[in-house]
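Here's the structure, in structure tokens; my notes come after.
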Amino acid sequence: MSAPVDQQRKLHLSHHSAAEIGTVAADLVAGLVEERPRAVIGLATGSSPLPLYQSLARRQLDLAAVRWFALDEYIGLSAGHPESYAAVIEREVITPLGLNRATVLLPDACRPDVDQAAADYEAAIASAGGIDLQILGLGHNGHLAFNEPGSALNSRTRVEALTERTRQANARFFDCLDDVPTRCITQGLGTILDAKRLLLLVQGRDKAEALRDALTGPVHPDCPASVLQLHPDVTVLTDVEAASLLPAGASAP
Ligand code: GLP
């Protein structure tokens, strides 16, 4: 299945060094917060957004009224597990940026009914008025958040099984592969598409195929990130290595 690309869509793609990606992305977040102090911002985990969080932490921004929603959370880790995304976001975002923890929501994967936790999370995003800016990384298999290949393009926040490829990629954070959870709660692709603006951060040659497929391949569940082609306002900040397989002319320096 492929969908026509909306002629009106705005995709801004530019190349930077890793340090510049953080600065440029932080400029964008800072501009949004200045314009809209009560902005709703979607947080990604993984290594890609770290330069952004580090750059934000060096600025004196008033983030008191901003509300934050994480993209996803593992199921099966104990509350407070250091690799739960709640703990990662505490370490990488809440503490360095000095945020009030109550302003940062994640799916509550420790609840006995995880399907209900997913539905409640979707409802919480809606009752905050939706996400103004969603920060995103990209999986090697084209996953966005934890939407693995095969995810419906209009999917909502739900329980999802992790693929072996994703578990292996994330095993670096755990003692061994067996410790990596097999399930998660993730915002859906449809949930992500509802954000007013998307900011995708991609670094490294190992992401080049996924980035090429996401931006220039067919819009298809085989490459979940291909939904970016359906969104009207996407900014992609990439290093030269990740952009190396994009067709000439696909980027504006
Ligand atoms: C995880 C996260 C994704 C993230 C991806 C890429 O699987 N759930 O949201 O985009 O990893 O991570 P990294 O940026 O470390 O390559």
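If you're wondering where the values come from, they're calculated on a predicted model, not measured in any experiment. Note that ligands are numbered from 1 as they come in the structure, with each ligand's atoms numbered from 1 the same way.
Relative to atom 2 (C) of ligand 1, the option among Tyr74, Tyr85, Phe173 with the closest non-hydrogen atom is Tyr85.
Within the 4.0 Å heavy-atom shell around ligand 1 one does not find Glu73. Ligand 1 has His143 within reach: a non-hydrogen atom of the residue lies less than 4.0 Å from it. Between Ala145 and ligand 1 there is a heavy-atom distance shorter than 4.0 Å.
Residue contacts with ligand 1 for Arg165 are absent, since no atom lies close enough (heavy atoms, distance under 4.0 Å). Under 4.0 Å from ligand 1, the heavy atoms of Asn170 that appear belong solely to its side chain.
Closest protein heavy atom to atom 12 (O) of ligand 1: Gly46 CA, 3.9 Å. With respect to atom 8 (N) of ligand 1, the closest heavy atom belonging to the protein is Asp72 OD2, 2.9 Å. For atom 6 (C) of ligand 1, the nearest non-hydrogen atom of the protein is Leu138 O, 3.7 Å. Of all protein heavy atoms, the one closest to atom 4 (C) of ligand 1 is Thr45 O, 4.0 Å.
The side chain to side chain donor-acceptor pair (under 3.5 Å) search around Arg156 returns Glu122, Asp194, not counting sequence neighbours. Arg101 is linked by a side chain to side chain donor-acceptor pair (under 3.5 Å) to Glu90, counting only residues two or more places apart in sequence or in another chain.
Taking the side chain as every heavy atom from C-beta outward, Pro181 and Leu77 approach each other to under 4.5 Å. Inter-residue side-chain proximity for Phe146 and Glu73 is flagged as unmet; no heavy-atom pair is nearer than 4.5 Å. You'll find the side chain of Leu228 reaches within 4.5 Å of the side chain of Leu144, heavy atoms only. Side-chain contact between Asp206 and Glu241 is absent, with no heavy-atom pair separated by less than 4.5 Å. For the pair Trp68 and Leu105, the minimum side-chain heavy-atom distance is 4.5 Å or more.
Ligand 1 has a nitrogen or oxygen under 3.5 angstrom from a nitrogen or oxygen of Lys207. Ligand 1 has no N or O atom lying under 3.5 Å from any N or O atom of Thr166, backbone or side chain.
The pair Arg36-Asp132 counts as a salt bridge, with a side-chain nitrogen and a carboxylate oxygen less than 4.0 angstrom apart.
Not one N or O on the side chain of Asp179 forms a donor-acceptor pair closer than 3.5 Å with the backbone of Phe174.
Contact atoms of ligand 1 toward Ser48: 13 (P), 14 (O), 16 (O) (distance under 4.0 Å to a heavy atom of the residue).
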